[in-house]
Amino acid sequence: MQAACTTEQTMSDKTDYSKTVNLHESPFPMRGNLAKREPGWVKQWQDQKRYQKLREKAAGRPKFILHDGPPYANGDIHIGHAVNKILKDIIIRSKTLAGFDAPYVPGWDCHGLPIEVMIEKLHGRDMPANKFRELCREYAAEQIARQKTDFVRLGVMGDWDKPYRTMDFKTEADTVRTLGEIYKAGYLYRGSKPVQFCLDCGSSLAEAEVEYKDKVSPAIDVQYLFKDNAALAKAFGLPEISGEAFAVIWTTTPWTLPASQAISAGADVVYQLIDTPKGKLVLAKDLAESALARYGCAGCPVLAETTGASLENLKLEHPFLEREIVMLNGSHVTTDAGTGLVHTAPAHGLEDYIVCNQYGIELYNPVNAQGCYISEVPRLAGMHVFKQGNDAVIQWLEENGRLLAHTKIEHSYAHCWRHKTPLIYRATSQWFIGMDKAGTSGKTLRDNALKAVDDTEFFPAWGRARLQSMIEGRPDWVVSRQRFWGTPMTLFAHKETGSLHPNSAELLEEVAKRIEQKGINAWFELDKAELLSPEDCEQYDKLPDTMDVWFDSGSTHFSVLKQRPELAWPADLYLEGSDQHRGWFQSSMLTGCATLGRAPYKQLLTHGFVVDGNGRKMSKSLGNVIAPQAVYNEFGADILRLWTANTDYSGELSISNEILKRVTEMYRRIRNTLSFLFANLKDFDRIEDAVPLADMVEIDRYALVLARRLQEKLAGEYYPRYAFHFAVQDLVQFCSEDLGSFYLDILKDRLYTTQADSHARRSAQTALYHITRSLVLLMSPVLCFTAEEAWELIGGGEEDSVLYHTWHEFPSMPAASEEALVAKWAAIREARAVVNAAIEPLRTDKSIGSSLQAEVDLTAPSAIFDALQTLGDELRFVFLVSKIRIAQGEALAANVVPSQAEKCERCWHYTDSVGSHTAHPTLCSRCVENIDGKGETRTHA
C-alpha cells in the first residue's frame, strides 16, 4: 500500500491525490481464464503428488469412506459421468476439510457383454476364447486410460495411480471368494425357472439390465373349451350347462400360447357365466361388459355367478394343441384389464412359474436361446417368436375358431438396456441367489436385505421407499451368464445330478489362488485333475458359466474395501444415479447381506439424470448432447463443477449453453469478490498487522460474525447433508449481499482513505483476512481450481493446498455480546434499506449522482434510533451519504435532499470543510488529517 504522503510531497504535487489513497492492483485477476489455466494446475498437482501428501497429513484422523461405484470401461465419459464424479469429489473434499481421513479410490467395471460386442466388431468371433479374453482386457485398459484423463481434468482428486479394476487378478480372485461365501451361507442354488432373456445377447439379464419402453403388441382374447360341463355347472350352482362353454383369456404375448399349461383365476374374484352367440363364456364380473363389447356380444344374459375358488381344478382343452389345461387359483390375478382369467405358461412368466410350482405342474419350455420354437412344436418349429410366432399363433387360433378378438395396443414392455430390443421371459437352467431361501443362519436374504434398508440413511429420503419396494418384489438373482468375458463360476457340478462337489468351498479357494496369479484364464485353462481325484474327475465337470457383471461390481465392497488398508468396511457412503436402486446399490446390498449380514454402506445418495434446458433426454438425434469435454474446453471445469453443485441433484439436472452462461455469471460474482479482497490484503501481514477482536472496529466484528455463521451453516449443515445447491446459493448471496452490497461497500472509504497502517485500516484488513480465508476454504470443495489459485495468495504458497487444512477458525466473542451486536446491526441495516430506497428516485432523475451527494433526515422508532445514535458521526459512512440527521418517530422514514456543500477531491464526500486548509484547498479536513496528521479514528464503521 502507498504510505501517507508528507506535506512537502503533497505541496510539490498538490493536485495528484490519487497517490495518497490505498488503491492496489489485485494479485487475483478478475478473469479466471480457466479453460487455458486449469490443465497446468492439474499437472502441477500431479507433479507435487498432492493426493499422496494428503494421505500422510490425514493419517490418524477418523475415516470417511466413499466407495466408488465403477463406471463401465467402454466409451468416453458423458455428462452424467461428470456429474457423478464431481459430486463424489465435492464430498471427499468437504469431509477432508471437516477433519476426516477421506481416501478416494476410483474404480472401473471391466467384464461383460458390451466389451465382448466391441471385440467382435473389431476382430470378429473366430478366435480361441483365451485370445478373445486377452483382447477384451486390452480394450478395457484403453478405455480406462481415456476416461481417467477426463476425470482428472475435472479436478477429481483420488488415487488415480492405483485405481481398482474388476479385471485385476486380485479383484477377480476376491470376486470368486465372494461367491464362495454366498455358497457357504446357503443362498446359491441351481434351478430352471423363467428369467428375463435377451435374444440379441443370447443370455439372461439382471434386473438392472432391464429398461421399460413403449412397444406395440397384438392383444387377443382366446377361448379355452371346458371339458366337463357337469363340473362347470356344479361350480356355478346350475343343474346343467348345454352347448360349448369357454374360459376366456386375454394376452399381449400370443407367442407364449404353445407353452400354456393352465389358466389362473382369482380365488375371490367374482366370475359370470354369460350366454353369447360365441358360446357360453366365463368372464370376471368387473370386466365382462368391456370384454363382451370387444366380441360384439353386448347385452347378452348372465346365467350365473361364482367365485374363482369354485373353478379350481376344472379341466379345459388347449386352444390348438392336444393338451389338457387345468384351472388354478393365483394371487397375481387382477381385474385391471383383460378378462380376469390369465393364461399361464410357467416357462414364460415368473408369476406363472410360481403358481404352477404350487400346484406341482412341471415347466415346459418350447423356445430356444435364439428365440425360436423347438422342433417338437407343431407348425411353429423354427419360427422366431416375434418375427413369425405371434402372427402364426393368431392364424392358428382363427383356423380353430378360438380367437374372439384381436387388436393392437401400445404398452410399456421390458427391453434390453444394451440392444434396446424387447425381452422375453424364458425358462433356462441357471444359478440363482435365492431371496426367500433360508440360509445357514436360518434367515432369508430378503429379510436380511429389508433390515439393511431400515438401517441405511438415504439422500434424498424417498430413496428408502424405492429400494424397499424393489427388495420386497425382486425375484431370485440370476447370477450365471453364458459369456466369455467375465469372472467364472469356479465350481464343479455332478454330471448327472447337477449338485455341487461336497468340497466346493475348499476347491473354490484353491482356484481363487490361481486366479490371483494368472487371472480368470487360470480357471478356463485348469485341468480338473489338478484339483480332483480320478474318481471325481469322472463324475464332476467344471461349470462353463461366468458371473453376472453386477455380481462383479456388487462384490467390490469385499474385493476392494476389505482388501485395501487405506479403506474400511462398511463404507460410509455409496453415491450413484437413481437407476442404481435396482443396480449397484441392490447388488452390493445383497452380496453384503449374504456374506456379512448387512449392507456394505451406511448411507445411500442418489442423483437424477441430466437433461437439456427443455427437460428432454439428451440424444444425438435431437442434437442436444452437451459433452463434459466441450464444457471444460470452453468454460473451464470449475464452471461445470459449479453447475453441478448449484443444481438440485435429487431430480433431473438441466444443462444448456444458456444455463452454463448464467452459471458463469455466478462464478464471476464470486471471483470479483475474491479479487477485491486480495487487492485490499496486498500489504497486510497476518502476524504483524492483525488487530485483536476486542480492539476491532465494530462493523468489522459484525462482518466476522456473519462470515463465521455462513461457515457454520455450510460446514456444519449443508456439506454434511450433501445439500450442495444450498451451500452455493448461500455462498453467492453472502458475496453479493452481505459483502458486496453492504460490508465491502461501506468499507471502501476506510480502506482507501485512511492511513495505510492505521488502526482503522488494519482492523478492516484483519476482518478481510478471516473472511477471505474462510471463503476460499468454503468454496474449495466445489471450485477446486479457483480455490487453489486463491490459496497460493493467502495460504502457504505454491506447495501448500487447501486440502491440507480444515475449516477456518474465527476469533470468537461471548455469545451474549454477539447476539447484541447482530441485533444492533440488523436494526441499522433495516434503516439503511429505507434510506437507499429514498435516495434512488433522486439518482434516477439525476438530482444527485452518487449517494455521497445526498443529505438525509431520518426518523426511526426508539429501538432503531438508539442503535443508530451509537454510531455518532460515523453513521454517514454506513449510509454512504455526506450528512445524516436522525430523530425519533413512530416509523422509519427518510427525506433526502442534494447537498449544497463542496465535494472533496480525495474522498468524494460533500462537506463544508472542503477548502478550510490552505495547503489543500480541494480537500476536506478529514482527508487533510489522514494525509498530514495522525489520521482519523474509527470506532464503529
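Start at 1 with the first residue, then count along the sequence.
Ring-plane geometry between Trp584 and His67 is classed as tilted, the angle between the planes lying from 30 to 60 degrees on a 0 to 90 degree scale.
Annotation: the span from Asp174 atom CG to Asp552 atom CG amounts to 11.5 Å, rounded to 0.5 Å. Interatomic distance, Phe585 CZ to Tyr601 OH, rounded to the nearest 0.5 Å: 7.5 Å. Atoms CZ and CG, on Arg481 and Leu113 in that order, are 10.0 Å from each other to the nearest 0.5 Å.
Under the 4.0 Å criterion applied to side-chain N and carboxylate O atoms, Asp541 and Lys528 are assigned as salt-bridge partners. A salt bridge between Arg641 and Asp89 is present, with a side-chain N of the basic residue lying under 4.0 Å from a carboxylate O of the acidic one. The pair Glu516-Arg177 counts as a salt bridge, with a side-chain nitrogen and a carboxylate oxygen less than 4.0 angstrom apart. Note on Lys602 versus Glu457: no salt bridge recorded, every NZ/NE/NH1/NH2 to OD/OE distance being 4.0 Å or above. A salt bridge between Arg153 and Asp150 is absent, with no side-chain N of the basic residue lying under 4.0 Å from a carboxylate O of the acidic one. Ion pair Arg137/Glu172 flagged as a salt bridge, since at least one NZ, NE, NH1 or NH2 atom sits closer than 4.0 Å to an Asp/Glu carboxylate oxygen. Salt-bridge check for Glu211 with Lys420: passed, with a basic side-chain N closer than 4.0 Å to an acidic carboxylate O.
Looking at residues two or more places apart in sequence or on another chain, you find no salt bridge (charged side-chain N to carboxylate O under 4.0 Å, His left out) involving Asp109. For Glu116, the salt bridge (charged side-chain N to carboxylate O under 4.0 Å, His left out) test picks out Arg483, with sequence neighbours left out. By the salt bridge (charged side-chain N to carboxylate O under 4.0 Å, His left out) test, Asp545 pairs with no residue at all, sequence neighbours left out. Shown here are the salt bridge (charged side-chain N to carboxylate O under 4.0 Å, His left out) partners of Lys184, two or more places apart in sequence or in another chain: Glu181. Tyr183 is linked by a ring pair (Phe, Tyr, Trp, His ring centres under 6.0 Å) to nothing, counting only residues two or more places apart in sequence or in another chain.
Environment of CG in Asp527: crowded, with over 12 heavy atoms of neighbouring residues, nucleotides or ligands closer than 6.0 Å.
The salt bridge (Lys or Arg N to Asp or Glu O under 4.0 Å) pairs that include a residue from residues 65-80 are Asp68-Lys85, Asp68-Lys88, Asp76-Arg146, where partners are two or more places apart or lie in different chains.
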Output, in order, the C-alpha distance, side-chain angles, deciding distance and verdict of side-chain contact (heavy atoms from CB on, under 4.5 Å) for Asp159 and Glu566.
CA-CA 11 Å; Asp159 195 352; Glu566 73 271 33; 4.2 Å; yes

Trace of the side-chain contact (heavy atoms from CB on, under 4.5 Å) decision for Arg514 with Leu531
CA-CA 11 Å; Arg514 287 165 166 77; Leu531 297 176; 3.7 Å; yes

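Side-chain N or O atoms of Lys437 include none that pairs as donor or acceptor with a backbone N or O of Leu188 at under 3.5 Å. A donor-acceptor distance shorter than 3.5 angstrom exists from the side chain of Thr166 to the backbone of Cys110, with no hydrogens or angles considered.
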